[in-house]
Amino acid sequence: MANRRAVLGQVLAIARKELVTSLRDRQTVLYTFVLPICMYPLLFWGMLQVVLVVQGKRERTEVEIGLASAIDREVPEQLAVRLARGPEDDPEADSTGVASEVVTVITAEKSLSEEEAQAWLRAAPLEHARGAEARGLDGVLWLDQADPERAHFFYDSTTSRAKIAEDRVRNRLARYSGELRQARAQELGIDPAQLDTLELVQHDLAPAEDRAAVMIATIFPMLLVVMTLFGAFFPAIDLTAGEKERGSAETTWLLPAPRWAIHNGKILATTVLALIAVALNLLASVLSAESLLASIPKLGGFPLRFPIGAFCAVIPLAVLFAFFTSAVLVAIACLAPTYKAGQALMGPAQILFILPAIGGVLPGVELTPALALVPVLNVVLAFKALLIGAPLYLAYAMTAAALLVYAALAVLLSTRLASREDVFLAGTSLPIRRLLALLRGSGSTR
């Protein structure tokens, strides 16, 4: 018993010593105490702002639906009124006078069969469509004469507008049905619970292949970013801070070549390793995804087919993004004196990549010329658009140009720092003020 107590005392003494030693390290204190306190509130605040922006955009998206009925059944006029909402009668209009959740209802001029209602949804763009580009209906609500207790809603789930239309129609039809049941119950003098409600039956007319493409476009863009990030993570540290720790950095820098060439060679090597990692991860995902999904009962019959052509279109942007990621990570890692310090510096860098990637896969966030200039987010949105075949050629070109510009800036910054003896021979991590002073000064790139 006494021996066990002595061993336990030794364990506690060693643990106390190691804790004191670790707490003397500024980086340990920074990443253990300071970052969790400061970073996560900022992280959640940023995510909240993205969600609010997406929600505001969704609320202000105007959708158009068709309203039709079968032969021998009239469309209730009050139903069209309850489904529609405009700026002049919207009680939720904001201070700018812009109405939210607007639904434009277009009543068919004649009775339609179920096939005709579906064909109406698939018809060519309508002349009344607002905006720069004409578009078709976002959904069709059809009332069947043979089943008066149900309303059928036809839509295409692969478009964001159609999903917004489906959500608004479902909510407003439920309120309309409740009002009808309440009025009918009062008229008959019975409990409203004894009456049936008007049930909404949704019919997704999107082909299974298109739905599979949308699902892939929702998941894979963020995976590609994460694969690229982790594929470049360890090579970037090993080729910079790892060389310093092993003592082989001096030999590399003494090669008969300019320092900028040596540094760019490290970035290029990191890029190649990152692309290899992405290719292997992607291949493994493609080979395993279909069999894994087939084992899920609800998804067993889902025809998952990977769009090879779309993936080929993603390759040029993926290469540019890998080069951009490698340039940024090498620029950060070259500041670290040891491998462990490099890993510590890379922690916040991962957050800067992953957070925009998460924002890019949120519903309603789409690639625009403005978002094409936002690092990481532009790549995720471009990957999404390419995988579903969206013809956003200007935004794609702007995304590629932005990646090249940001990568060039990262290369210039890291080359300037790596060429300084103060950074190259530093035995500890340099403070921010010292780094800024070095950037302002002139350094030799030999």
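Throughout, residue positions are numbered sequentially from 1 according to the sequence presented. Because only heavy atoms are used, hydrogens play no part in the values below, and waters and symmetry mates are left out as well, while side chains stay in.
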Are the side chain of [X] and the backbone N or O of [Y] linked by a donor-acceptor pair below 3.5 Å?
| X | Y | value |
| --- | --- | --- |
| W142 | L112 | yes |
| D204 | S157 | yes |
| S177 | L173 | no |
| R150 | L143 | no |

What's the separation between atom [atom1] in [X] and atom [atom2] in [Y], rounded to the nearest 0.5 Å?
| X | Y | atom1 | atom2 | result |
| --- | --- | --- | --- | --- |
| M222 | I358 | CE | CD1 | 6.0 Å |
| R170 | Q202 | CZ | CD | 6.0 Å |
| L329 | L239 | CG | CG | 11.5 Å |
| L373 | T399 | CG | OG1 | 8.0 Å |
| D156 | H203 | CG | NE2 | 14.5 Å |
| M227 | N281 | CE | CG | 5.0 Å |

With side-chain contact (heavy atoms from CB on, under 4.5 Å) as the test, would you mind laying out the steps for L83 and I65 before giving the verdict? CA-CA 9 Å; L83 291 176; I65 66 169; 4.0 Å; yes
For the residue pair [X] and [Y], establish whether any side-chain heavy-atom pair is separated by less than 4.5 Å.
| X | Y | value |
| --- | --- | --- |
| P221 | L387 | yes |
| L268 | N264 | no |
| P375 | F353 | no |
| V314 | L224 | yes |
| L137 | W120 | yes |

If a pair satisfies salt bridge (Lys or Arg N to Asp or Glu O under 4.0 Å) and one of its residues is in residues 229-242, list it, with sequence neighbours excluded. D238-R246
Shortest non-hydrogen contact from [X] to [Y]?
| X | Y | answer |
| --- | --- | --- |
| Y396 | A382 | CE2-O, 3.9 Å |
| N378 | A402 | ND2-CB, 4.0 Å |
| G231 | A277 | CA-CB, 3.8 Å |
| S326 | A274 | OG-CB, 4.4 Å |

Using the rule given for side-chain contact (heavy atoms from CB on, under 4.5 Å), can you reason through E366 versus K384, listing the C-alpha separation, both sets of side-chain angles and the distance that settles it, and then say yes or no? CA-CA 8 Å; E366 299 175 353; K384 282 174 57 177; 5.9 Å; no
Which label fits F154 and H152: parallel for a plane angle under 30°, tilted from 30 to 60°, or perpendicular past 60°? parallel
Would you please indicate yes or no on a ring centroid separation below 6.0 angstrom for F321 and F323? no
